[in-house]
There are 2 protein chains.
Amino acid sequence: MSALAEPNRLQIVELLRRKPLAVGEIVERLGLHQPQVSKHLRVLSEAGLVEVRPVGQLRIYRIRAQALKELDTWLDPYRRTWDERFDQLDDVLRDLKEKDKGKRNGRRK
Amino acid sequence: MSALAEPNRLQIVELLRRKPLAVGEIVERLGLHQPQVSKHLRVLSEAGLVEVRPVGQLRIYRIRAQALKELDTWLDPYRRTWDERFDQLDDVLRDLKEKDKGKRNGRRK
DNA sequence: CAGACATATTCCTGAAGGAGTATATATGAC
DNA sequence: GTCATATATACTCCTTCAGGAATATGTCTG
């Protein structure tokens with residue numbers, strides 16, 4: 001996930017979302033220096049977010065959909081949460097009171 | 001998104017997914033030092049990922065579901081992509097050939 | 001008020017990582 | 001083979017940021 005934290009890398013991913021691209025094309029479109037793009041692609045590649053295929057002297061990078069599916073899967077439990085309308089704060093407060101009572105008793109002994 | 005890049009912060013978010021917690025409880029469960037937890041919570045808070053509610057001398061933190069919905073929304077375009085089975089590589093190669101032809105003609109003039 | 005407890009903030013240090021430049025490697029054309 | 005092109009790597013500089021310790025702020029109890 002830290003691979004997507006870097007703004008330029010996020011841009012690269014969004015570029016590759018449309019279609020696979022060679023390094024030089026990414027350089028042109030983002031206006032970055034070539035070595036930086038190569039390094040970012042390296043990070044993305046090691047994170048499993050993109051994959052390469054050499055074509056002649058070019059290297060075509062494209063997105064690995066599966067990696068983003070994993071992110072999607074990670075979100076699943078939250079999807080369940082964000083529809084629950086009841087406020088769990090009450091439960092929390094009850095728990096805290098229980099815990100506090102325990103401490104007090106312990107102290108009095 | 002960079003807020004979630006830090007492992008401990010990610011853990012905090014996953015802890016808060018179950019239910020809101022006070023700072024001290026997060027400290028206990030993750031075995032981190034209290035100042036670090038407070039700092040991480042600050043980052044998460046500024047990123048809009050969590051929100052606070054003071055209860056006595058405690059501060060109860062909980063997840064802001066909306067923030068994660070935004071991540072979910074960001075994934076939407078990719079959801080469309082990762083079901084397409086046809087390989088876009090052919091298109092790319094055609095484009096490259098066109099481009100190359102242009103260069104060659106330009107050079108000969 | 002004092003003193004205990006919960007949390008936040010400050011300062012310092014060290015490690016990670018992005019940017020820039022130069023260079024290395026690989027492929028294709030001639 | 002030489003040369004041009006495409007990409008990767010190495011090295012240095014500099015900024016960001018997480019960890020640690022000490023301290024400050026705030027709140028409750030008596």
Side-chain angles (χ1 to χ4, degrees), chain A residues 1-13 16 20-47 50-62 92-93 95-97 99-108, chain B residues 1-13 16 20-47 50-62 92-93 95-97 99-108:
Chain A
M1 176 156 299
S2 57
L4 292 174
E6 213 284 322
N8 289 325
R9 280 199 293 268
L10 193 61
Q11 271 195 288
I12 291 178
V13 168
L16 294 181
L21 291 175
V23 178
E25 294 180 298
I26 301 176
V27 170
E28 287 179 15
R29 305 196 190 197
L30 295 188
L32 302 176
H33 292 180
Q34 179 263 320
Q36 263 75 316
V37 172
S38 281
K39 273 194 287 184
H40 285 314
L41 286 169
R42 190 177 207 276
V43 175
L44 289 172
S45 179
E46 287 174 351
V50 303
E51 58 186 358
V52 210
R53 179 182 298 199
V55 175
Q57 51 186 344
L58 303 179
R59 297 226 177 176
I60 311 291
Y61 283 85
R62 61 176 162 180
V92 177
L93 291 181
D95 290 357
L96 286 171
K97 280 179 185 168
K99 198 174 182 181
D100 190 44
K101 202 155 58 178
K103 275 189 187 172
R104 287 164 172 280
N105 289 341
R107 237 189 286 159
R108 279 178 193 153
Chain B
M1 179 158 298
S2 57
L4 293 174
E6 214 285 323
N8 288 325
R9 278 198 293 268
L10 192 61
Q11 272 195 287
I12 291 178
V13 168
L16 294 181
L21 291 176
V23 178
E25 293 180 297
I26 301 175
V27 170
E28 287 180 14
R29 305 195 190 200
L30 296 187
L32 302 176
H33 292 181
Q34 178 264 320
Q36 263 75 313
V37 172
S38 281
K39 275 195 285 187
H40 285 314
L41 286 169
R42 191 177 207 273
V43 175
L44 289 172
S45 180
E46 286 173 353
V50 303
E51 60 186 357
V52 210
R53 180 182 296 199
V55 175
Q57 51 186 345
L58 303 180
R59 297 225 176 178
I60 311 291
Y61 282 84
R62 60 175 163 181
V92 176
L93 290 181
D95 290 357
L96 286 172
K97 279 179 186 167
K99 198 174 182 180
D100 191 43
K101 200 156 59 179
K103 275 189 186 172
R104 289 162 169 281
N105 290 338
R107 240 187 283 159
R108 281 179 193 152

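First the proteins, then the strands, lettered A, B, ... as listed; each starts at 1.
Residues passing the side chain to side chain donor-acceptor pair (under 3.5 Å) test with A:R9, sequence neighbours excluded: A:H40. When the side chain to side chain contact (heavy atoms under 4.5 Å, CB included) test is applied to B:R42, the partners found at least two apart in sequence or on another chain are B:E46. By the side chain to side chain donor-acceptor pair (under 3.5 Å) test, A:Q34 pairs with A:S38, sequence neighbours left out. Not counting sequence neighbours, the partners of A:E51 by the side chain to side chain contact (heavy atoms under 4.5 Å, CB included) test are A:R62, A:R64. A:L32 pairs by the side chain to side chain contact (heavy atoms under 4.5 Å, CB included) definition with A:N8, A:L30, A:V37, not counting sequence neighbours.
In this structure, the CD atom of B:E46 is 15 Å from the C1' atom of D:dT16, given to the nearest Å. Distance B:I26 CD1 to C:dA6 P: 14 Å, rounded to the nearest Å. With rounding to whole Å, B:L30 atom CG is found 11 Å from D:dG19 atom P. Between the CD atom of B:Q57 and the P atom of D:dT27 there is a distance of 10 Å, given to the nearest Å. Taking atom CG of residue A:L58 and atom C1' of nucleotide D:dT5, one finds them 9 Å apart after rounding to whole Å. Straight-line distance from the CG atom of A:L21 to the P atom of D:dT7: 11 Å, rounded to whole Å.
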Nucleotide by nucleotide, 5' to 3', does protein get under 4.0 Å of the base (B), only the sugar-phosphate (S), or neither (-) in nucleotides 18-23 of chain C, counting heavy atoms?
-> SBBBB-

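Between A:R42 and D:dT9 there is a side-chain polar atom (N or O) within less than 4.0 angstrom of OP1 or OP2.
Judged by distance alone, the side chain of A:E25 and the main-chain N or O of A:A22 form a donor-acceptor pair under 3.5 Å.
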